[in-house]
Asker: 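Before we start, here is the structure in question, set down as structure tokens.
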Number of protein chains: 2
Amino acid sequence: MAEMQGRGPAGGDMLLYLTDEQLRRGAEAMFFAYRGFTADPDRILANKNYGRAHHRALHFINAAPGTTVNNLLSILGVTKQSLNRVLRTLIEDGLVESRVGRVDKRERHLFLTEDGAALERELSEAQRARMRAAYKQAGPEAVLGFRRVLEAMMDPDMRRQYRDLQEGRG
Amino acid sequence: MAEMQGRGPAGGDMLLYLTDEQLRRGAEAMFFAYRGFTADPDRILANKNYGRAHHRALHFINAAPGTTVNNLLSILGVTKQSLNRVLRTLIEDGLVESRVGRVDKRERHLFLTEDGAALERELSEAQRARMRAAYKQAGPEAVLGFRRVLEAMMDPDMRRQYRDLQEGRG
DNA sequence: CATATTAAGTCAGCCTTGTTGACATTCCAA
DNA sequence: TTGGAATGTCAACAAGGCTGACTTAATATG
């Protein structure tokens, strides 16, 4: 095989990090970390009649203002019925605005209102605070590796979505 | 402030990796990667009348054979009613065995049967295959960083659980 | 122009998995 | 012996997924 990517910094055996036990360990880390990752926004939302699905919608509308419903669907990976339920409440509550497309009038372009942007900020700031602390504690090299592994773990379609989002921010 | 942990390897500004944009980016990476992380087992389970909750129970019973219901509850972070529903079907279907404690007969100790262990293997092997590919692609340094950041992202209680699980494997 | 396709929205119904609250049983320990 | 802990169970509910069927409007295509 000769996968010579190198040896662990601790000087262990080659490819020790690819043993089943290490992989199980990584899976557990993902599980526990994702819980932490969502904990703070979830706590905020619990008092507001919204859930994690609303957070996700707010996040991606904020990241790509003017996105269409279809595009949001493919980013979130849910059915339109599921998204619609969430989107409807956000629009009714004045957090999201839906504008008919100028060039293609079938499309609806989604934007956050001021209130929507405010809630998005509150949620993502809570989430960022935790990530900031984790990044700080782990250091820049670790953050690079973190992102590299996560990216490699995505489905190809999602990786494309993920990278496209970055483009929009130049 | 003077957080002198260093500069990005690309030679960019100090603490560039702690900007709000970088943190948002990390959050999106977590979102998309977690989808990939659960995709394969979910696909397998869809054909079997089980869900992600069953996978989690099987995983942690396998990781800590003989664990009590209460211990499993605190690892999974759900209510006993929620866990019980899942556990009941697994026991009925002969995938999990529940033995009355010898020293404390109130406690139930949980074990996988052969069938349970087989399903657990199938699920976790699918999950590990993806992680193995991601680890290989990212390299050992990245994996170290990945785990470091994830660990820093956990709630302290979860971090304790996570580390305790490691102890049990020496 | 006629027709097919697409985007969006809606209704109804279902499933999984989470939640509370109430309550029974069993058993350990003070 | 009594209080509390661990477990299990019942009922009811909510969020957020899903499928399927259908409408409306607008665009694309023959």
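We name chains A, B, ... by the order of the sequence lines, and we start the count at 1 in each one. Values in this document were obtained by computation on a predicted structure and should not be read as measured data.
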Asker: Under 4.0 Å, counting only non-hydrogen atoms across every strand here, what does A:V103 touch: a base, just sugar-phosphate, or nothing?
Answerer: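 Sugar-phosphate only.
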Asker: I'd like to know if B:E125 and B:R132 make a salt bridge, using a cut-off of under 4.0 Å between side-chain N and carboxylate O.
Answerer: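 Here B:E125 pairs with B:R132 in a salt bridge, since their nearest N and O are under 4.0 Å apart.
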Asker: Tell me which donor-acceptor pairs under 3.5 Å the side chains of residues 81-91 of chain A have, and how far apart each pair is, sequence neighbours excluded?
Answerer:
{"unit_1": "A:T89", "atom_1": "OG1", "unit_2": "A:H54", "atom_2": "NE2", "d": "3.3"}
{"unit_1": "A:T89", "atom_1": "OG1", "unit_2": "A:V86", "atom_2": "O", "d": "2.8"}

Asker: Are A:R130 and B:D155 within salt-bridge range, i.e. N to O under 4.0 Å?
Answerer: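 Salt bridge flag = yes for B:D155 with A:R130.
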Asker: Write down the distance between CG (A:L76) and C1' (D:dC18), rounded to a whole number of angstrom.
Answerer: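 After rounding, the gap between these two atoms is 15 Å.
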Asker: Determine, step by step, whether B:F31 and A:F60 satisfy the ring-ring contact (aromatic ring centres under 6.0 Å, His included) criterion, reporting the C-alpha distance in whole Å, the side-chain angles of both residues, the deciding distance to 0.1 Å, and the verdict.
Answerer: CA-CA 11 Å; B:F31 172 68; A:F60 286 109; 5.5 Å; yes
Asker: Between B:L23 and A:L165, is there shared hydrophobic-cluster membership here, with clusters defined by ILVMFWY side-chain heavy atoms closer than 4.5 Å?
Answerer: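 Yes, one cluster joins them.
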Asker: Does the pair A:E151/B:R25 count as a salt bridge with the N-to-O cut at 4.0 Å?
Answerer: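 Between B:R25 and A:E151 there is no salt bridge, as every charged N stays at least 4.0 Å from the carboxylate O atoms.
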Asker: Would B:V96 and B:F111 show up in the same hydrophobic cluster when neighbours are defined by side-chain heavy atoms closer than 4.5 Å?
Answerer: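 Looking at the clustering, B:F111 is in a separate group from B:V96.
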Asker: Take atom CZ of A:F31 and atom P of C:dT17, then tell me their distance rounded to the nearest Å.
Answerer: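 Rounding to the nearest Å, CZ of A:F31 and P of C:dT17 are 13 Å apart.
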Asker: Verify, without hydrogens or angle tests, whether A:Q127 (side chain) and A:T38 (backbone) share a donor-acceptor contact under 3.5 angstrom.
Answerer: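 Flag not set: sc A:Q127 to bb A:T38 has no pair under 3.5 Å.
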Asker: Within residues 43-62 of chain B, which residues have any heavy atom lying less than 4.0 Å from an atom of DNA chain C?
Answerer: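 The answer is B:G51, B:R52, B:A53, B:H54, B:R56.
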Asker: Would you please confirm or rule out a distance under 4.0 Å between OP1 or OP2 of D:dG17 and any side-chain N or O of A:T79?
Answerer: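 No, because none of the side-chain N or O atoms of A:T79 sits under 4.0 Å from OP1 or OP2 of D:dG17.
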Asker: Rounded to the nearest angstrom, tell me the gap between atom CZ in A:R102 and atom P in D:dT27.
Answerer: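 So the CZ-P distance, A:R102 to D:dT27, works out to 14 Å.
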Asker: Heavy atoms under 4.0 Å is the rule here; annotate nucleotides 7-13 of chain C 5' to 3' with B where the base is hit, S where only the sugar-phosphate is, and - elsewhere.
Answerer: SBBBB--
